[in-house]
Amino acid sequence: MIRAALAGVGVAVTAPWLGVFVVWRRMAYFGDATAHAALLGVALSLMLHLPVYVGVAGIAVIMALVVAALEDGRSGLGTDSLLGVLSHGALAIGLIAVSFLPGARLNLEAFLFGDILAVSWSDVAVIWAGAIVIAVLVGSRWQALLTATVNPDLAWSSGLNPDRDRRILTLALALLVALAIKVVGALLITALLVIPAAAARPLSRSPEAMLGAAIAIGAFSALGGLVLSYRIDSPAGPSVVAVSVACFALSRVVAGFLSIRRV
C-alpha cells in the first residue's frame, strides 16, 4: 500500500501540469489517442524484451507526432475524426498484438485499467523521476505555454514559437502516458489528465491557482481511491478515477453556490 500510494500520488500530482493545458486547449481527445496507443507500446516491449516504460513512451511519442503531422498537412478530415480513427485503430492493433504474445492475456486487464498494487520500488523511482522531469520541463516553459495557449499570434509576435511549445507538450504527454500505464492503465490515463484540471477550473481565478488546485485534487483522488479500493475491495485504478469524478461533481456544486452568493 505504501508503494501504491507513492506511485499513485506521483502520477496524480504530475498529470495536472499537462492536464491544465489539455483543458485549456481542448486536447482531451488528443490525450486519449496517445493513451490508447500505449497498448501497442506494451506489446512492442514484450516482444523485444524491453522495459514497458520504454516501449510505451516510444509509441506514444510516435502517435503524438503522427497526429501533429497529419493536422499540419490538412488531411481533409476534421481533427475529432482523425483522432478517433487513430485512437481506436491503435487500441485495436495493440489488443491484437498482445493476443499473440504467450501469457500476455493474463495481464491484459492490468495494462487496460492499471494495477497500482503491483508496482515495485523501481516503478516508484521511475514514476517520481519522470514526475520531476515533466514538472521542470513544463515549469520552465510555463509563461511561453500560457501565451501560446491564449493567443498563438501574440506568441509569434513576442518572439515565441508556439509549434515548439506544442511539441514540448506532446513529448511531456507521451512521458506521462508511460508513467501512468501501470497505475491507471491505458483506458483511464486521460481521466487523470482531464478530471482534476476540470474540477479545479471553476474554483480558480488564475492559471497558477488552477494548477495548484488540480494537483491537490489529483493527490486526494489517488489516496482516496486507494482507501476506497481497500474498504470495498474494488479495482484500485477505477476507484482513483471515481473519487476524482466525485471531486469534479463537488467542485461544480461549490462553484454554483459561490456564484449564487455573489449575486
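Everything numeric in this text was worked out from a predicted model, so none of it was measured. No hydrogens, no waters, no symmetry mates; every other heavy atom, side chains included, goes into these values.
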> Run the side-chain contact (heavy atoms from CB on, under 4.5 Å) check on L175 and L171 step by step: do they pass?
Replying inline: CA-CA 6 Å; L175 178 56; L171 294 174; over 6 Å; no

>> Please check this pair: side chain of S239 against backbone of P235, looking for a donor-acceptor N/O pair closer than 3.5 Å.
In response: yes

> Does the side chain of P196 come within less than 4.5 Å of F248's, by heavy atoms?
Replying inline: no

> Taking atom CD1 of I189 and atom CG of L176, what is their separation to the nearest 0.5 Å?
Replying inline: 7.0 Å

>> Donor-acceptor check, side chain of W128 to backbone of L6, threshold 3.5 angstrom: yes or no?
In response: yes

> Hey, are the side chains of I116 and V184 touching, using non-hydrogen atoms and a 4.5 Å cut-off?
Replying inline: no

>> Quick one, I132 and V136 - any side-chain contact, counting heavy atoms below 4.5 Å?
In response: yes

> Does S229 use its side chain to pair, donor to acceptor, with the backbone of S234 at less than 3.5 Å?
Replying inline: yes

>> What's the separation between atom CG in L117 and atom OH in Y230, rounded to the nearest 0.5 Å?
In response: 11.5 Å

>> Run the side-chain contact (heavy atoms from CB on, under 4.5 Å) test on L50 and L44 for me, step by step, so that the C-alpha distance in whole Å, both residues' side-chain angles and the decisive distance to 0.1 Å come before the verdict.
In response: CA-CA 8 Å; L50 296 172; L44 181 65; 5.6 Å; no

> Just wondering, are more than 12 heavy atoms of other shown residues or ligands nearer than 6.0 Å to CD1 in I232?
Replying inline: yes

> Is there a path from L18 to Y53 through hydrophobic residues (I, L, V, M, F, W, Y) whose side chains come within less than 4.5 Å of each other?
Replying inline: yes

> So how far is it from F21 CZ to L211 CG, rounded to the nearest 0.5 Å?
Replying inline: 8.0 Å

> Are any non-hydrogen side-chain atoms of W24 and L145 less than 4.5 angstrom apart?
Replying inline: no

> Under 4.5 Å between any side-chain heavy atoms of L179 and I134, yes or no?
Replying inline: yes

>> Using side-chain contact (heavy atoms from CB on, under 4.5 Å), reason through N161 and W156 one step at a time and then give a plain yes or no.
In response: CA-CA 6 Å; N161 188 337; W156 282 114; 3.4 Å; yes

> L173 versus L193: any side-chain heavy-atom pair under 4.5 Å?
Replying inline: yes

> Do T170 and V61 have side chains that get closer than 4.5 Å, going by heavy atoms?
Replying inline: no

> Would one find more than 12 heavy atoms of other residues, nucleotides or ligands at under 6.0 Å from atom CZ of R252?
Replying inline: no

> Can you list the steps and then say if L169 with R141 is a side-chain contact (heavy atoms from CB on, under 4.5 Å)?
Replying inline: CA-CA 10 Å; L169 284 178; R141 300 291 303 170; over 6 Å; no

> Should L226 and R231 count as side-chain neighbours, where that means a heavy-atom distance under 4.5 Å?
Replying inline: no

